[in-house]
Enquirer: 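Let me begin by handing over the structure; questions about it come next.
Every number for a ligand or one of its atoms is a count from 1 in the order of the listing. As the structure is a prediction and not an experimental result, all values here were calculated from the model.
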Amino acid sequence: MKESLFYSKLKNDFVRCELCPHFCVISENGLGLCKVRRNIAGKLYSLNYGKTVAFGVDPIEKKPLYHFYPGSLTLSIATTSCNFKCQFCQNHEISQSVTDGRNISPELILDYCKSKNIKIVSFTYTEPTIWFEFILDACKILKANNIKTVLVTNGYINPKPFELLSKFIDAMNIDLKSFNNDFYKDICGGTLAPVLQTIKTAFQKNIHIEITNLVITDLNDNADEFRDLVNFIKNINNEIPLHISRYFPVYLLKNKMTSLDKMLEFYEISRKDLSHVYLGNINNDAKYSKTVCPDCGTVLIDRNQYNITENFIVDGKCPQCGRKIYGYF
Ligand code: SF4
């Protein structure tokens with residue numbers, strides 16, 4: 001347990017958590033919506049500090065991050081629970097229930113990375129920001145030891161805590177689940193505006209960002225709404241990679257899997273405005289997982305699922321025309 005860094009004390013030993021935009025008001029002995037923050041005698045505590053439910057090594061492509069040291073391995077770590085309730089959560093076993101997990105420390109993560117020569121640590125699978133105090137401590141130590149830090153996140157965090165954490169974060173994959181606030185409210189238990197703010201802030205702070213959008217049949221597959229989403233990214237920077245991911249029925253949602261036609265339609269829409277668009281969860285995805293020079297069309301990185309088969313990028317540039325490619329290679 002560790003005392004929360006962002007909360008206010010209220011009357012009668014109530015507290016208000018200020019970590020995420022839910023702003024839970026919590027009575028004594030009560031829990032926040034994420035179920036990992038408890039009010040104990042008028043103070044708010046993170047219950048999951050140093051508790052992990054997933055600890056393993058993945059290709060960085062699996063996050064997905066395609067423009068952040070392609071071909072590298074990353075240590076992937078998760079805690080239990082989430083501040084969203086997405087009805088389509090692929091990791092619902094660990095995100096929608098609270099389990100105790102194994103004890104770890106920032107030092108243990110660092111020692112593991114050193115012993116395995118791993119240069120990137122990703123906080124992933126469930127929502128890392130509800131593990132705020134732990135990832136802040138871990139990222140400080142990791143950065144001080146030249147290990148890159150990654151968040152795979154729903155972006156649902158308040159500006160002040162994000163300001164503090166962002167100093168120690170190198171890259172983020174942020175889920176932009178829809179461009180419709182009702183979708184966020186009804187299907188995820190959140191709101192859209194704070195996510196958009198996190199994306200903008202992360203980019204302004206020079207954090208490497210990539211965006212993932214899961215396209216769900218009949219829920220967020222309206223082409224006009226998708227154009228708005230693409231426009232939002234373009235207005236920040238049209239070089240930001242967009243990963244369009246195909247939905248399959250999972251957890252509480254029984255909608256039909258997304259058709260290939262819909263995936264290709266959205267690919268064409270986004271390619272008009274964005275330099276780097278990828279399709280995920282489709283068979284034979286090689287054509288849609290290549291990194292291509294936006295100027296001259298040269299294939300720069302070829303992928304087979306999560307494996308890099310070719311990487312022709314030289315000094316972060318296209319070897320053919322010299323164009324700078326967004327990211328770190
Ligand atoms: S982090 Fe948890 S307790 Fe805090 S506001 Fe968000 S959901 Fe509520």
Side-chain angles (χ1 to χ4, degrees), residues 1-54 77-89 91-101 123-139 151-166 168-169 172 174-177 181 183-199 201-202 251-252:
M1 263 195 339
K2 182 130 180 169
E3 187 173 355
S4 297
L5 288 173
F6 289 90
Y7 75 100
S8 320
K9 296 185 177 190
L10 306 175
K11 282 184 190 160
N12 302 324
D13 278 343
F14 276 65
V15 297
R16 186 174 89 140
C17 178
E18 290 163 358
L19 177 54
C20 91
H22 287 305
F23 286 110
C24 297
V25 173
I26 309 170
S27 60
E28 197 181 349
N29 213 28
L31 290 166
L33 218 138
C34 58
K35 297 196 179 68
V36 286
R37 285 177 190 261
R38 186 186 289 281
N39 175 346
I40 300 173
K43 288 183 174 181
L44 188 63
Y45 288 90
S46 157
L47 305 179
N48 56 347
Y49 188 93
K51 303 273 185 192
T52 182
V53 292
I77 316 176
T79 191
T80 182
S81 200
C82 188
N83 55 356
F84 272 9
K85 307 281 170 220
C86 300
Q87 295 177 17
F88 49 88
C89 183
N91 294 323
H92 58 94
E93 290 98 344
I94 52 174
S95 74
Q96 299 303 312
S97 59
V98 180
T99 46
D100 203 24
F123 296 94
T124 178
Y125 301 135
T126 57
E127 178 47 41
T129 57
I130 58 154
W131 209 13
F132 186 85
E133 293 74 13
F134 182 74
I135 61 175
L136 181 66
D137 287 351
C139 289
L151 299 181
V152 181
T153 174
N154 62 19
Y156 208 60
I157 180 170
N158 283 329
K160 267 194 184 169
F162 187 53
E163 169 80 34
L164 175 59
L165 183 61
S166 64
F168 306 99
I169 300 298
M172 295 168 74
I174 307 171
D175 250 349
L176 183 48
K177 294 170 192 279
N181 194 50
F183 178 95
Y184 265 90
K185 263 186 0 208
D186 301 341
I187 309 295
C188 307
T191 51
L192 170 63
V195 180
L196 302 182
Q197 190 53 55
T198 300
I199 294 172
T201 308
Y251 189 37
L252 302 175

Enquirer: If we only look closer than 2.8 Å, how many protein N, O or S atoms does atom 6 (Fe) of ligand 1 have near it?
Expert: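 With waters ignored, the protein N/O/S count below 2.8 Å is 1.
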Enquirer: Only pairs at least two apart or in different chains count here, so list each side chain to side chain donor-acceptor pair (under 3.5 Å) that has a residue in residues 30-39.
Expert: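 Counting only pairs at least two positions apart or across chains, the side chain to side chain donor-acceptor pair (under 3.5 Å) contacts touching residues 30-39 are Ser4-Arg37, Arg37-Glu133.
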Enquirer: Determine, step by step, whether Asn48 and Ser46 satisfy the side-chain hydrogen bond (donor to acceptor under 3.5 Å, both in side chains) criterion, reporting the C-alpha distance in whole Å, the side-chain angles of both residues, the deciding distance to 0.1 Å, and the verdict.
Expert: CA-CA 6 Å; Asn48 56 347; Ser46 157; 2.9 Å; yes
Enquirer: Would you say the side-chain atoms of Ser95 pair up with the backbone N or O of Ser81, donor to acceptor, closer than 3.5 Å?
Expert: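 Looks like no, no N/O pair under 3.5 Å.
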Enquirer: Would you sort out whether Cys17 and His22 count as a side chain to side chain contact (heavy atoms under 4.5 Å, CB included), showing the intermediate values?
Expert: CA-CA 8 Å; Cys17 178; His22 287 305; over 6 Å; no
Enquirer: Could you give the side-chain donor-acceptor pairs of residues 186-197 under 3.5 Å, partners two or more places apart or in another chain?
Expert:
| residue | atom | partner | partner atom | Å |
| --- | --- | --- | --- | --- |
| Thr191 | OG1 | Tyr156 | OH | 2.9 |
| Gln197 | NE2 | Thr201 | OG1 | 3.2 |

Enquirer: Who passes salt bridge (charged side-chain N to carboxylate O under 4.0 Å, His left out) against Lys85, sequence neighbours left out?
Expert: none
